[in-house]
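Have a look at the structure below before the remarks.
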Amino acid sequence: MSIWYPYKQMQSLGKIPVVKKAKGSMLYFEDGTKAIDAISSWWACIHGYAYKPLNRAIKKQVDSFSHVMLGGLTHQPALRLAEKLVQITPKGLDHVFFSDSGSVAVEVALKMAIQFWSNQGNKDKVKLISCKNGYHGDTFKAMQLGDDSDFTVAFSHVLKKDFVLEIPKNPKDYKKELQNFEELLITHSPTIAALIIEPIIQCAGGFRVHSPDYLDALNRLCVKYNVLTIYDEVATGFGRTGKLFATNHAKCVPDIMVLGKGLTAGYIGHAATIASTKVYQAFLSDEHDKALMHGPTFMGNPLACAVALKSIEIFQKKEYEKKILTIESTILHFFDTIQSEEILDKRVLGAVGIIEVKNEKSIVGLKEFALENKVFIRPIGTMVYLMPSYRIKKKQLLSILETMKKWFEK
Ligand SMILES: Cc1ncc(COP(=O)(O)O)c(C=O)c1O
């Protein structure tokens, strides 16, 4: 096997469909079959595949120049995208650092947070609080912050967590978790640089939802005890939860926000770490050592920036938030009709629908069954999740839901 595929025991890879063409929410395979895509390529292709306005934007940029580094040079696509991101993200996030993937953007956020303190002479604040069921990517430090799971188990003997925050089981009742969090801060905040959290809904690590009030309360405590906040919106950014950013459900603003995936509508890997003025100013100095020493080769890639700018323009012009709320209500209503002893919980938020089963065994074979029914779905552990493109047609969404129902009735 010349390709080493992700998250898969290669010994039992079996046959996997070869995509010949992808358009809208459809995947067309070399063997002549096709499937409706329920997860929009790890929830990145928010406008679906081969969307003409995005294709045009990227082709236009290719004819101008496809890459120029940001080391000692700059260019309009990156300048314009940075300005746009400052404009659309919550007030106070004013400084954009580009990188090429969500994991790297998380690493940059962590470096910013730790160096923020050391630049001010504080070398004690180096620890991080991460969340139970969190996921922040597959690079080493990002793995350390992810919850123990399939993703990190091979390294559990190497990865040592600093502190773990509980996400309340009942989103409305978070008193105990908040109290524990404050106790942790009272004792350990002199050694803690930052809290990293996926706001409102966690994704690959467990798809757990928490309330905007909980997020606000955590933020207030972080401010009180001098701990920075990093909101990882790689999965939730650009509409996934029904608002442009999940943070917009709450009142708080983090010190650092991380965006990826939907930033470029899944066209090219790209990401952004956006810092507040407070964080940025801690790097301004006559001393070179206080600069942020990071610079991915493809940061601010012009093709990525051009497609991101067009994607944001489309998002804003076509009132995508309404489209996402329609997806939400369609999933919500249909989920009510899916009943099975195997189901532990159902959760819906924006264009995310999750059916959590009690035992992983009850969904073995679901992927193959869905493909036979012309649907592409790919559960993670005990979670069957839908995260379609926002331009999915209602008929296509209903086909996906019918297929899930058929599986659970079977
Ligand atoms: C919340 C979150 N953070 C970070 C990442 C890592 O992004 P990437 O796969 O682009 O490195 C992901 C990917 O799924 C994610 O969902």
Side-chain angles (χ1 to χ4, degrees), residues 5-8 38-46 89 97-113 128-147 149-152 155 159 165 167 194-210 215 229-241 245-247 249 254 256-274 294 296-301 304 307-308 311 347 349-352 354 378-381 383 385-388:
Y5 288 93
Y7 308 124
K8 188 73 198 163
I39 58 172
S40 57
S41 280
W42 278 324
W43 51 96
C45 299
I46 56 175
T89 48
F97 191 96
F98 290 114
S99 57
D100 34 23
S101 73
S103 305
V104 173
V106 165
E107 300 284 342
V108 171
L110 301 174
K111 284 175 73 171
M112 279 179 183
L128 299 159
I129 309 173
S130 53
C131 295
K132 181 119 187 64
N133 295 113
Y135 176 80
H136 300 285
D138 295 340
T139 51
F140 246 93
K141 197 74 181 170
M143 266 204 302
Q144 180 198 314
L145 302 171
D147 198 4
S149 69
D150 272 8
F151 296 114
T152 55
F155 299 94
L159 301 169
L165 169 72
I167 295 298
L195 159 74
I196 181 163
I197 185 167
E198 296 156 87
I200 308 300
I201 184 167
Q202 300 178 294
C203 285
F207 293 98
R208 305 223 164 266
V209 180
H210 57 266
L215 192 69
T229 45
I230 304 171
Y231 291 178
D232 178 354
E233 291 235 21
V234 171
T236 51
F238 301 98
R240 191 49 74 182
T241 66
F245 301 106
T247 307
H249 289 276
I256 303 171
M257 180 186 265
V258 187
L259 300 173
K261 296 199 190 250
L263 170 68
T264 54
Y267 267 63
I268 298 186
H270 222 68
T273 308
I274 313 181
H294 203 99
T297 303
F298 296 106
M299 69 181 292
N301 173 267
V307 80
S311 169
R347 302 186 278 277
L349 180 70
V352 189
I354 303 118
R378 188 177 174 279
I380 302 180
M383 312 283 161
Y385 71 95
L386 302 184
M387 290 172 94

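What you see is a predicted model; the values in this text were computed from it and never measured. Just follow the structure's listing: the first ligand is 1, and inside any ligand the first atom is 1. FYI, the numbering just counts along the sequence from 1.
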Query - Minimum side-chain heavy-atom gap Val106-Asp232 below 4.5 Å - result: yes
Report task. Taking the side chain as every heavy atom from C-beta outward, state whether Phe207 and Met387 have any atom pair closer than 4.5 Å. Result -> yes
Requested in this report: Heavy-atom cut-off of under 4.0 Å around ligand 1: list whichever protein residues fall inside it, by chain and number.
Outcome: Trp43, Ser101, Gly102, Ser103, Tyr135, His136, Gly137, Glu198, Asp232, Val234, Ala235, Lys261
Requested in this report: Assess the side chains of Ser103 and His136: does a donor N or O sit below 3.5 Å from an acceptor N or O?
Outcome: no
Query raised in the report: Relative to the ring of Tyr385, is the ring of Trp43 parallel (under 30°), tilted (30 to 60°) or perpendicular (over 60°)?
Result: perpendicular
Report summary line: Across all chains, not counting sequence neighbours, the salt bridge (Lys or Arg N to Asp or Glu O under 4.0 Å) partners of Lys132 are Asp147
Query raised in the report: Between the side chain of Glu233 and the main-chain N/O of Thr247, is any donor-acceptor distance below 3.5 Å?
Result: yes
